[in-house]
Structures are given as structure tokens and as C-alpha cells.
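Below you'll find the structure, written out as C-alpha cells, and then a few comments.
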Amino acid sequence: MTHPDGTAGVRPVIGVDAGTVTLREADHLIHGLLDRLGLTEGVFACTHLHRDDERRGTAVSLEVPDPDAVFGALRTAVPEGTGLALGGRAHGPHAAADSARRAAAAPPASGRAVVYPGVRHLTGTVTAGTVLDRTAVEHLVVLGAPAAELPLDARILTQDHVRPEWHDGVLTLALVPAAGGLLAPFEVPDPTPCCVDHP
């Protein structure tokens with residue numbers, strides 16, 4: 001995995017469990033936190049489903065340029081009861097901090113990316129080449145035809161909602177056929193994009 005600053009696999013990741021249950025709630029949490037902290041560049045923010053005997057929900061991970069400073073700022077920016085984790089540090093109730101720790105450890109093996117380098121370019125209809133050349137997405141796969149070679153001029157209707165997933169260190173976007181010979185991301189807005197001001 002190559003990070004936005006050009007280093008590979010070395011930047012610590014912050015985990016956050018604020019009690020969000022659905023993906024939509026977690027997307028909203030991510031955008032709210034990034035806006036509050038003024039973070040726009042060099043960020044990977046992902047969602048991670050968690051479930052155990054006592055609780056289930058969706059935690060998030062934040063890979064940011066200055067994780068120590070952001071971790072400190074988050075301690076006062078998140079709602080009471082939120083779990084935070086960064087390396088060996090934890091904050092908040094034990095169960096929430098534990099799921100935050102698991103979220104922080106998940107990427108790049110797994111996770112659903114909400115914010116990532118280049119996501120702002122993915123609005124309207126774009127080509128496969130644009131996705132691969134201008135964003136952190138490394139691989140495109142059409143469901144039902146995983147081995148098919150996708151031409152770079154293939155058109156993708158983004159619906160302003162593009163959520164690739166980490167698969168063993170490769171940020172991969174799953175696509176499905178759409179009307180008019182287009183492709184579209186497998187995940188559709190539910191029912192409309194979260195936080196309409198954000199991609």
C-alpha cells in the first residue's frame with residue numbers, strides 16, 4: 001500500500017467507534033469529523049463493520065498526515081462514549097475503544113473507503129481511466145466478469161457515491177452494468193448520497 005505522502009505501509013491509523021450502526025451513519029461521522037478538523041488532503045477514511053456478543057455497528061479508521069495531533073484533537077471533538085485508538089493508545093469506554101482498535105488495524109487488508117485521494121474527481125460520469133489515473137483506486141472489477149479486461153474509456157456513472165474496498169492491500173472498486181451501456185459502482189446511494197455536500 002502506498003500512502004498519499006509517498007511512504008509505504010508506515011503511517012499509523014486512528015480507529016474511531018462513536019456508536020454508529022449503519023454505513024450511512026458512519027459516512028456522516030467521517031465527513032463531520034474531517035470537516036471539524038479541517039482535513040482535506042492526504043486522507044484515507046474507511047468504515048469497518050464490527051459485531052460481538054454484546055454490540056454491533058460500524059467503526060471508522062482515519063489515516064491522516066499527522067495522526068498524533070489528530071488523535072489529540074479527536075478526544076475533544078467526538079461525542080461522549082466514543083472509543084478512540086492509535087497504536088498503543090486508547091480513549092473512551094473499553095468496548096468502544098476495542099472496536100476502534102480493530103478498525104485501526106484493518107486497512108489495507110479490509111475496509112470500505114469513503115474518503116481517499118482523488119475522490120473529488122468522481123462525480124457525474126467518468127471513465128475507467130480517470131478512476132485509475134486520478135484517484136487511489138488501483139483495481140476495477142465488474143461483478144459477474146471478474147477476469148474481464150475493462151477498457152480505459154469505459155464510462156462509469158458514479159451517482160457521486162463511489163465506495164471502493166480494500167482487498168488484501170489493493171483498493172478495488174466493484175462495478176455492475178447500468179443502463180445505456182454504462183457501468184456503475186455496486187454500492188448505490190441509500191437513498192441519496194450521505195452529506196450531499198460531499199462526494
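Everything numeric here is computed off the predicted structure, so don't read it as measured data.
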Out of curiosity, [X] [atom1] to [Y] [atom2], how far, rounded to the nearest 0.5 Å?
X      : Y      : atom1 : atom2 : value
Ile156 : Thr130 : CD1   : OG1   : 8.5 Å
Leu23  : Leu29  : CG    : CG    : 12.5 Å
Arg163 : Thr158 : CZ    : OG1   : 10.5 Å
His28  : Ile30  : NE2   : CD1   : 11.5 Å
Asp17  : Asp98  : CG    : CG    : 9.5 Å

Stepwise side-chain contact (heavy atoms from CB on, under 4.5 Å) test for Leu37 and Leu74
CA-CA 8 Å; Leu37 297 170; Leu74 283 172; 3.6 Å; yes

Any side-chain heavy atom of [X] within less than 4.5 Å of one from [Y]?
X      : Y      : answer
Val13  : Phe44  : no
Asp133 : His121 : no
Glu41  : Pro65  : no
Val131 : Leu122 : yes

Quick check: does any side chain N or O of [X] sit under 3.5 Å from a backbone N or O of [Y], one acting as donor and the other as acceptor?
X      : Y      : value
Thr58  : Val21  : yes
Thr20  : Ala18  : no
Thr123 : Asp160 : no
Thr135 : Leu132 : no
Glu165 : Thr172 : no

Evaluate salt bridge (charged side-chain N to carboxylate O under 4.0 Å, His left out) for Asp27 paired with Arg24, printing each intermediate quantity in order.
CA-CA 5 Å; Asp27 286 10; Arg24 183 178 174 86; over 6 Å; no

Ignoring hydrogens, what is the shortest heavy-atom contact between [X] and [Y]? Give both atom names and the distance.
X      : Y      : answer
Ala113 : Leu171 : CB-CD1, 3.9 Å
Ala97  : Gly92  : CB-O, 4.2 Å
Ala104 : Gly15  : CB-N, 3.5 Å

Distance-only criterion, 3.5 Å: show the donor-acceptor pairs between side-chain atoms of residues 76-86 and protein atoms not counting sequence neighbours.
residue, atom, partner, partner atom, Å
Thr76, OG1, Ala73, O, 3.1
Thr82, OG1, Pro79, O, 2.7

For atom CZ of Arg102, is the number of surrounding heavy atoms from other residues, nucleotides or ligands below 6.0 Å larger than 12?
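Atom CZ in Arg102 is crowded, with more than 12 foreign heavy atoms closer than 6.0 Å.
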
Does atom CZ (Arg89) have a neighbourhood of more than 12 heavy atoms from anything else shown, all under 6.0 Å?
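More than 12 heavy atoms, drawn from other residues, nucleotides or ligands, come within 6.0 Å of this atom.
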
Under 3.5 Å, which donor-acceptor pairs link side chains of residues 176-188 to any protein atom two or more places apart or in another chain?
residue, atom, partner, partner atom, Å
Glu187, OE1, Arg112, NE, 2.8
Glu187, OE2, Arg112, NE, 3.4
Glu187, OE2, Arg112, NH2, 2.7
Glu187, OE2, His161, NE2, 2.9

Could you walk me through whether Gln159 and Leu157 satisfy the side-chain contact (heavy atoms from CB on, under 4.5 Å) test, starting with their C-alpha distance in whole Å, then the side-chain angles of each, then the deciding distance to 0.1 Å, before giving a yes or no?
CA-CA 6 Å; Gln159 300 184 73; Leu157 177 63; 4.3 Å; yes

Leu152-Leu173 co-clustered via ILVMFWY side chain contacts under 4.5 Å
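Same cluster.
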
If hydrophobic clusters are built from ILVMFWY residues whose side chains come within less than 4.5 Å, do Val141 and Val162 share one?
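No; tracing contacts between hydrophobic side chains, which count when under 4.5 Å, never links both residues.
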
Please test Arg120 against Thr40 for side-chain contact (heavy atoms from CB on, under 4.5 Å), starting from the C-alpha separation and ending with a verdict.
CA-CA 10 Å; Arg120 64 186 175 86; Thr40 58; over 6 Å; no

For Ser61 and His48, does a side-chain donor sit closer than 3.5 Å to a side-chain acceptor?
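The criterion, which ignores hydrogens and geometry beyond distance, is satisfied for His48 and Ser61.
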
